[in-house]
K.L.:
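Okay, here's the structure, questions in a sec.
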Protein chains: 2
Amino acid sequence: MARLTPAEEMRLLTKVSKLYYEENLTQDEIMARLHLSRSKVSRLLQQARDVGIIKITVLSPPGLYPELERELETRYHLQEAVVIESRQPEAQQVVSREIGTAAAHYMLRTLEDHDVIGISWGTALSHMVAALQPRRVPDAHVVQIIGGLGKPEAEVHATDLCRRLAQLLQCKLTLLPAPGIVDHEQVKSVILSDSHVRHAFELFPQITVAYVGIGAPTPDSVLIRDGTILTWQEVNELIVKGAVGDIALRFFDDNGHPIYSEIDRRVIGISLEQLRQVRRVVGVAGGPQKVAVLRGALRGGLINVLITDHVTAGRLLEKEHQGIPAIKGETNVVS
Amino acid sequence: MARLTPAEEMRLLTKVSKLYYEENLTQDEIMARLHLSRSKVSRLLQQARDVGIIKITVLSPPGLYPELERELETRYHLQEAVVIESRQPEAQQVVSREIGTAAAHYMLRTLEDHDVIGISWGTALSHMVAALQPRRVPDAHVVQIIGGLGKPEAEVHATDLCRRLAQLLQCKLTLLPAPGIVDHEQVKSVILSDSHVRHAFELFPQITVAYVGIGAPTPDSVLIRDGTILTWQEVNELIVKGAVGDIALRFFDDNGHPIYSEIDRRVIGISLEQLRQVRRVVGVAGGPQKVAVLRGALRGGLINVLITDHVTAGRLLEKEHQGIPAIKGETNVVS
DNA sequence: TTTATTACTGAAAAATTTTTCACTTTTGTT
DNA sequence: AACAAAAGTGAAAAATTTTTCAGTAATAAA
């Protein structure tokens with residue numbers, strides 16, 4: 001109601017701030033006490049925050065990397081980034097396990113009653129399921145989004161992962177009873193006519209959250225290791241075409257753009273386009289080999305939650321060839 | 001929805017805190033982002049504050065004494081204390097002026113449209129009015145609560161104060177056209193029969209805020225100085241009875257209890273009991289001589305807003321003969 | 001001076017946050 | 001293992017805070 005001198009204003013600012021933040025009075029009580037209007041108190045507090053009379057600090061306990069998370073989230077338009085501290089950040093196996101554990105916690109934290117959970121495949125996801133504490137969520141639904149990998153007779157990995165997960169959650173389960181990749185396109189169309197397979201495919205649009213591993217095309221990757229899934233020659237072809245890695249056997253380049261090829265047509269599983277329709281795609285990956293792929297996946301908006309380790313996170317935030325920003329409109333739906 | 005490990009909980013706490021306090025997301029946005037329930041986010045923030053992850057500091061600019069104010073308010077159940085920094089805290093005259101200025105600011109800040117303002121008398125109040133910036137508050141009402149002091153022909157001070165104040169506020173004015181103290185009780189009853197005087201008295205219960213000076217019975221006080229108001233002998237009598245000072249010529253002791261006497265019966269003005277009925281009584285006083293009286297007034301709950309200087313404030317907070325607390329139920333109504 | 005612009009106000013509306021409540025899960029105890 | 005107690009949960013209600021709005025006062029410009 002009045003015109004105040006700067007000094008008097010300062011005193012009022014300080015006083016209101018103290019009463020609010022130190023004495024925990026409500027703004028109403030302060031208003032009564034100091035004979036101000038409700039709005040004035042609110043505005044005063046706002047001003048005090050702006051001017052710096054009120055200082056709010058959030059301290060991060062050691063072992064947490066909220067700044068890295070924050071930067072990743074901002075830079076790549078992520079819904080959330082989870083960065084854990086790795087004890088052996090260069091050891092692919094160790095990192096995968098650590099990240100898998102973090103992913104399990106993340107799942108536990110974010111799981112909702114009617115979630116339809118798409119699961120791909122990979123070491124990290126495997127560790128995730130291994131680390132997951134059992135929890136009854138009967139209305140959830142686990143859906144396999146890529147066929148079991150490797151030769152038909154070995155089609156265990158992806159399928160198994162889903163089965164174990166569904167068991168831990170005691171929830172519904174839809175498997176994709178097919179190999180992840182077949183030898184000829186014709187075989188694929190035959191398989192796709194199977195009603196079970198079709199059933200899984202039809203569920204893709206209903207997936208509310210997908211957990212995906214991210215593959216790097218290195219010689220020792222599981223993909224190539226024993227030649228059962230892809231040959232080194234095939235992978236090389238893809239690399240020549242610009243591939244930096246894959247999500248559920250869908251290869252993509254530096255910018256997350258899909259790389260179509262003969263190989264792609266032989267894959268039985270969700271497409272990158274379909275994956276992009278999923279509201280929440282959680283990428284679970286870390287370790288030195290994954291940096292390049294992750295960068296592509298992030299740039300292309302193929303994932304919108306990232307679970308990784310602090311070293312990988314740091315690398316993903318390095319200037320990167322003069323920071324080409326993630327392309328607008330290609331990001332997954334967020335809200 | 002989930003059971004979290006302590007480490008994971010820490011991360012969540014930190015993350016939520018950062019998003020809320022550093023990114024300024026709403027709890028709703030955080031909920032969407034982190035897939036938590038609205039309540040959970042609120043509780044998490046509460047917890048983070050409790051645990052100390054979030055630290056809120058209010059820094060007081062130099063020259064302000066929010067701690068002293070706070071302590072005074074708490075110790076003496078005050079609605080508000082205003083402590084200003086005095087440049088010459090031992091010089092009664094200087095302090096009075098400084099405090100008067102502070103009181104003017106306080107009035108400007110808290111003045112409301114329909115306030116009925118009771119005004120007593122004193123050096124500090126005089127400075128207050130002198131320092132007051134003009135401000136039109138036509139519905140306010142200034143009421144003189146103690147007769148003009150001294151001999152009838154000198155009855156200027158209190159009256160004048162009120163008149164000047166009313167002019168500055170361009171508001172209604174009710175004077176108490178009588179001396180503050182008369183020679184004989186009989187004279188008083190005659191005066192009280194005057195309709196103007198009665199009018200002022202009838203307004204006392206409607207006073208919403210009273211500004212009162214606080215008198216110390218020292219030889220150089222204006223009260224005694226020229227012998228026009230009280231003689232040293234009269235004052236001495238009061239001191240013997242335990243008086244530490246007065247508010248509007250109503251003397252009281254260490255604990256703010258009124259001291260009744262022949263003198264008291266000759267005073268024309270508000271009584272301490274009536275003053276106590278006033279929702280807000282602002283005591284304006286400081287300087288070395290006022291410490292003892294102020295202590296009495298504060299202990300007795302005779303005032304519930306105090307405007308003083310930092311040295312006096314400090315003295316008022318000294319242990320005081322093993323801190324007899326202000327007596328409950330004797331305090332003025334606060335809300 | 002008068003006028004136009006800007007800033008500021010309090011009340012009410014809208015938005016946000018906290019608490020309550022009814023219920024479920026976990027944990028500790030017999 | 002069965003049970004009771006305690007802790008934790010989300011939805012809704014209640015409380016609190018912020019913003020909007022319409023109007024007023026202060027300041028700047030003419």
Side-chain angles (χ1 to χ4, degrees), chain A residues 1-6 8-9 12-13 16-17 19-21 23-51 54 56 105 107-115 132-140 168-171 335, chain B residues 1-6 8-10 12-13 16-17 19-21 23-51 54 56 105 108-115 132-140 168-171 335:
Chain A
M1 191 186 183
R3 200 86 6 229
L4 268 63
T5 67
E8 182 66 6
E9 173 143 75
L12 194 53
L13 247 43
V16 169
S17 303
L19 287 175
Y20 191 73
Y21 283 109
E23 305 294 319
N24 292 314
L25 300 195
T26 68
Q27 297 187 5
D28 246 39
E29 289 170 313
I30 296 173
M31 150 189 119
R33 192 98 160 247
L34 268 46
H35 289 261
L36 303 162
S37 75
R38 195 187 310 297
S39 345
K40 179 97 200 198
V41 176
S42 178
R43 285 193 261 251
L44 247 26
L45 283 169
Q46 188 57 57
Q47 198 183 341
R49 278 184 287 258
D50 293 347
V51 171
I54 298 166
I56 302 182
H105 288 146
M107 175 179 275
L108 236 32
R109 198 187 84 208
T110 60
L111 201 52
E112 278 170 29
D113 263 356
H114 291 270
D115 266 337
L132 197 74
Q133 282 198 281
R135 212 155 117 37
R136 222 179 98 73
V137 191
D139 292 328
L168 286 166
L169 303 180
Q170 297 183 42
C171 70
S335 165
Chain B
M1 191 185 183
R3 201 85 8 225
L4 268 65
T5 67
E8 181 67 8
E9 173 142 74
M10 218 48 166
L12 195 52
L13 248 43
V16 169
S17 303
L19 287 175
Y20 192 73
Y21 283 109
E23 304 295 319
N24 292 313
L25 300 195
T26 68
Q27 296 187 8
D28 247 40
E29 290 170 313
I30 296 173
M31 152 189 119
R33 191 98 160 246
L34 267 48
H35 288 262
L36 303 162
S37 74
R38 196 188 310 297
S39 347
K40 179 96 201 199
V41 176
S42 178
R43 284 192 261 253
L44 247 26
L45 283 169
Q46 189 57 56
Q47 199 184 342
R49 277 184 288 258
D50 293 346
V51 170
I54 297 166
I56 302 182
H105 288 147
L108 236 31
R109 197 185 85 208
T110 59
L111 199 52
E112 278 171 29
D113 261 356
H114 292 268
D115 265 337
L132 198 72
Q133 282 199 281
R135 213 153 115 38
R136 222 179 100 73
V137 192
D139 292 327
L168 287 166
L169 303 180
Q170 297 183 44
C171 71
S335 159

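Below, chains carry the letters A, B, ... as their sequence lines are ordered, and counting in each starts from 1. Please read all numbers here as calculations on a predicted model, not as lab measurements.
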K.L.:
How many whole angstroms separate atom CG of A:N24 from atom C1' of D:dT16?
P.N.:
14 Å
K.L.:
Nearest whole Å is fine: how far is C:dT9 C1' from A:H35 NE2?
P.N.:
18 Å
K.L.:
Restricting to non-hydrogen atoms, name the atom on A:E29 and the atom on A:N24 that form the minimum distance, rounded to 0.1 Å.
P.N.:
OE1-O, 4.5 Å
K.L.:
Looking at CG of B:D139 and CZ of B:R136, how far apart are the two atoms once the value is rounded to the nearest 0.5 Å?
P.N.:
9.0 Å
K.L.:
Here's a test of your reading of the structure: between B:S37 and A:L25, which maps to the more 5' nucleotide of DNA chain D?
P.N.:
B:S37
K.L.:
Please report the closest heavy-atom contact between B:Y20 and B:L25, naming both atoms and the distance.
P.N.:
CD1-O, 3.4 Å
K.L.:
Rounded to the nearest 0.5 Å, how far does OG of B:S39 lie from CD of B:Q27?
P.N.:
9.5 Å
K.L.:
How close or far is atom P of D:dA15 from atom CE of A:M31, stated in whole angstroms?
P.N.:
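To the nearest whole Å, that distance equals 15 Å.
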K.L.:
So A:E9 and A:Q47, side-chain contact (heavy atoms from CB on, under 4.5 Å) or not? Walk me through it.
P.N.:
CA-CA 11 Å; A:E9 173 143 75; A:Q47 198 183 341; 3.9 Å; yes
K.L.:
Sort me out a list of protein N/O and nucleotides 18-22 of chain C N/O pairs below 3.5 Å, or just none if empty.
P.N.:
{"from": "C:dT18", "atom 1": "OP1", "to": "B:R49", "atom 2": "NH2", "distance (Å)": "3.4"}
{"from": "C:dT18", "atom 1": "OP2", "to": "B:Q27", "atom 2": "NE2", "distance (Å)": "2.6"}
{"from": "C:dT18", "atom 1": "OP2", "to": "B:S42", "atom 2": "OG", "distance (Å)": "2.8"}

K.L.:
Please state how far atom CZ in A:R109 lies from atom C1' in D:dT9, giving the value in whole angstrom units.
P.N.:
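Rounded to whole Å, this separation is 16 Å.
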K.L.:
Send over the distance from B:D113 CG to D:dG23 C1', rounded to a whole Å.
P.N.:
14 Å
K.L.:
Tell me the interatomic distance from A:R136, atom CZ, to C:dT25, atom C1', rounded to whole angstroms.
P.N.:
12 Å
K.L.:
Find the distance B:L44:CG to C:dT17:P and express it as a whole number of Å.
P.N.:
14 Å
K.L.:
Testing the basics here: between A:S17 and A:L45, what is the closest heavy-atom pair and its distance to 0.1 Å?
P.N.:
CA-CD2, 3.9 Å
K.L.:
In degrees rounded to 10°, what angle is found between the helical axes fit to the five outermost pairs at each end of the helix from C:dT1-D:dA30 to C:dT30-D:dA1?
P.N.:
40°
K.L.:
Rounding to an integer number of Å, can you tell me how far B:L108 CG sits from C:dC8 P?
P.N.:
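So the CG-P distance, B:L108 to C:dC8, works out to 16 Å.
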K.L.:
Run the side-chain contact (heavy atoms from CB on, under 4.5 Å) test against B:L34 and tell me which residues pass, sequence neighbours left out.
P.N.:
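Residues passing side-chain contact (heavy atoms from CB on, under 4.5 Å) with B:L34: A:E80, A:R109, B:L12, B:K15, B:V16, B:L19, B:I30, B:L36.
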K.L.:
With rounding to the nearest 0.5 angstrom, report the OG to CD distance, B:S37 to A:E112.
P.N.:
10.0 Å
K.L.:
Compare every heavy atom of A:L169 with every heavy atom of A:L132, then report the nearest pair and how far apart it is.
P.N.:
CD2-CD2, 4.0 Å
K.L.:
Can you tell me if the side-chain N/O atoms of B:K40 get under 4.0 Å from OP1 or OP2 in D:dT9?
P.N.:
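Affirmative; the distance criterion is met.
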